[in-house]
Each structure stands twice: as structure tokens, then as C-alpha cells.
Amino acid sequence: MTIAEWLKEAANELADDMFPSARLDAEVILAHTIRHPRTYLHAHPNEEIDDRAEDIANARLELRKDHVPVAYIIGHKEFYGRRFTVSPAVLIPRPESEQLIEMLKHVMPGTRALEGITSKRLVDIGTGSGCLGITAKLEWPELDVALTDTSRHALAIAQKNARTLDAEVETFIADLLSGYPYSPDIVLANLPYVDPSWFQSPELAHEPADALYADEGGLGVIKRCIEQVAARGKSGTLLLLEADPRQLDSIGDIARPYGFKERLRDEFAICFELA
Ligand code: GLN
């Protein structure tokens with residue numbers, strides 16, 4: 001079978017409302033299988049795929065038909081321009097989480113301005129793949145960055161990503177801040193915030209439930225995080241949280257009595273400063 005034939009057939013097999021990016025998914029799976037960039041497929045539509053590669057691509061297509069996310073099938077996902085390894089032990093990095101990095105840009109002074117100033121401690125709580133904390137370390141090398149997660153398997157993936165991307169970070173198995181030994185200056189957290197009653201795509205069923213769902217309308221874990229940061233932080237500590245746009249007002253209400261002042265807000269992110 002040629003590249004063009006396989007792609008056409010695969011895209012047809014995925015073509016229903018549940019796979020809005022059928023053609024793209026097919027291309028990513030085939031390109032990954034024959035170890036070429038996606039542009040190669042367009043440049044060589046009439047090239048024959050060897051039988052072994054075709055079998056592997058077909059097996060991967062079957063996974064996709066079961067709604068396994070493409071990132072788990074190929075084992076990686078891009079976040080803020082860098083490639084992160086993922087496995088079903090970690091949430092797949094989402095484009096909306098890049099808003100936390102953009103927000104950090106607004107609240108962090110430029111690298112030069114920080115030179116010579118005592119280092120700042122940033123902790124990424126519930127790091128998963130490590131995408132937030134590792135990106136922060138690579139964008140602002142002067143930060144002392146730590147990653148925490150309750151899952152040993154997740155932390156192993158985060159450590160692998162830190163090694164591959166050459167980011168010097170510490171890692172801790174910790175329930176939020178409970179196993180983290182310092183007082184943080186900046187807290188980044190993309191915690192579970194999905195209310196189990198919300199609509200869920202079939203893809204979500206393949207991601208770790210611990211990383212997605214929380215009680216109290218999805219705010220249970222964020223609430224505990226706010227309490228812990230209030231107890232362990234100091235005046236000026238920044239807390240940057242990701243949440244659903246519908247939750248940001250309630251999060252403001254929860255945080256205010258603990259002394260947090262809202263500094264910035266984006267669609268999926270909110271930043272507080274401890275008074
Ligand atoms: N935004 C993610 C989703 O809708 C949820 C991520 C999270 O719970 N931290 O799938």
C-alpha cells in the first residue's frame with residue numbers, strides 16, 4: 001500500500017463526528033511509524049509502505065479508534081515549543097496551560113533584572129509530565145525549580161523530561177506541598193479541576209483520573225492548595241492556578257480570606273499574590 005492510499009483509508013475509518021481531526025491523526029500516526037516528519041508524507045505520496053510498518057501503523061490506528069489520544073500513541077506532545085514525553089501516567093499537556101507560562105512572563109521581572117538578586121524558588125505542584133516547571137526553568141534559568149506529584153510514575157516521566165531537555169530541577173513525591181521542604185516564592189499549579197458531572201470526551205477516559213477530577217464542583221484540590229500555600233508562603237508569594245473559566249470567580253472568593261490578592265487573570269488561569 002502507498003502512503004497516500006493508507007492515509008486515505010485511515011482517515012476514512014476515523015471519519016465521524018467523534019474524530020474532528022481524522023486526517024491529521026492519520027498523518028501523525030503514519031509519520032511517527034515510518035520515522036519521518038509529516039511533510040515527508042506529502043512529498044512522497046506514492047512511496048510503498050513496507051509490510052511491517054503497515055502492520056504497526058494499523059495497530060496504532062486501532063488504538064486511535066478506541067479514542068486513545070494521539071499523544072499517548074506516539075509518546076510525546078509539544079508544549080511551549082518543546083517536546084515532552086508522555087505516558088498514560090500523566091495528563092497530556094494542553095495548549096491552555098501555556099497561559100500559565102505567559103502569565104509568569106508578566107509577573108516575572110526580565111532575566112537581566114534578576115541577575116545578582118537572590119534566587120527565587122518556584123514549585124510546580126502536581127507536575128505530571130513536568131511541562132510547566134521544566135518550561136519555567138528553561139525560560140528563567142535563574143529560578144530554583146522543584147516539581148511535585150503524588151504519583152511516582154508521573155514523577156519518573158517528569159524526571160525523564162527534565163533530563164532530555166537539560167533542565168536542572170528537584171523533584172519530590174508530595175501531596176501538594178506536604179512533602180516539599182521549602183517556602184516557595186512562586187507556585188505554579190495545574191491541579192485536577194474537572195467536575196465529574198461535566199461533559200467528558202471519550203479521550204479523557206484514557207488519562208489519569210487523579211489528574212483530572214476533583215470534588216466540590218472540581219474545586220476541592222485547588223482549595224487545599226490555596227490553604228497550604230497560605231500556610232507555607234510568605235508576603236509576596238505568587239500563586240498561579242489553572243482552572244476552568246467558569247471557576248475563576250469562585251477561586252477568587254476562596255483565596256481572598258487567606259490574604260491572596262488577585263494580580264492577573266486569563267481565560268484559564270489566575271494569579272494571586274500573598275499579602
Ligand atoms: N483542561 C483539561 C480538560 O479539559 C483539564 C485539566 C485539569 O484538570 N487540570 O481536559
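We count ligands from 1, going down the list as the structure has it; atoms in each ligand are counted the same way. Nothing fancy with the numbering, it's 1 onward along the sequence.
- Salt bridge present: Lys65 and Glu62 bring a charged side-chain N and a carboxylate O closer than 4.0 Å.
- The pair Arg246-Asp244 counts as a salt bridge, with a side-chain nitrogen and a carboxylate oxygen less than 4.0 angstrom apart.
- Within the listing of ligand 1, atoms 7 (C), 9 (N) sit less than 4.0 angstrom from a heavy atom of Asn190.
- Of the protein's non-hydrogen atoms, the one nearest atom 2 (C) of ligand 1 is Arg94 NE, 3.6 Å.
- Residue Leu204 approaches ligand 1 through these ligand atoms, each under 4.0 Å from one of its heavy atoms: 10 (O).
- Annotation: atom 7 (C) of ligand 1 to nearest protein heavy atom, Tyr193 CE2, 3.4 Å.
- Under the 4.0 Å distance rule, the nearest protein heavy atom to atom 10 (O) of ligand 1 falls inside the cut-off.
- At a heavy-atom cutoff of 4.0 Å, ligand 1 is contacted by no atom of Glu207, backbone or side chain.
- For Ala214, the heavy-atom gap to ligand 1 stays at 4.0 angstrom or more.
- Checked for salt-bridge contact, Glu102 and Lys105 meet the test: a charged N lies under 4.0 Å from a carboxylate O.
- Checked for salt-bridge contact, Asp249 and Arg265 meet the test: a charged N lies under 4.0 Å from a carboxylate O.
- The contact set between ligand 1 and Leu191, taken as ligand atoms under 4.0 Å from a residue heavy atom, comprises 7 (C), 8 (O), 9 (N).
- Those atoms of ligand 1 that come under 4.0 Å of a heavy atom in Val194, given as number and element, are 5 (C), 8 (O).
- Residue contact annotation: Asp244 has no non-hydrogen atom under 4.0 Å from ligand 1.
- The ring pair (Phe, Tyr, Trp, His ring centres under 6.0 Å) analysis of residues 35-56, with sequence neighbours excluded, yields the pairs His36-Tyr40, Tyr40-His44.
- Side-chain polar atoms of Glu170 and Tyr182 form a donor-acceptor pair below 3.5 angstrom.
- Shown in contact with Ala211 at under 4.0 Å from a heavy atom are these atoms of ligand 1, numbered in order with element: 7 (C), 8 (O), 9 (N).
- By the side-chain contact (heavy atoms from CB on, under 4.5 Å) test, Leu63 pairs with Val68, Ile73, sequence neighbours left out.
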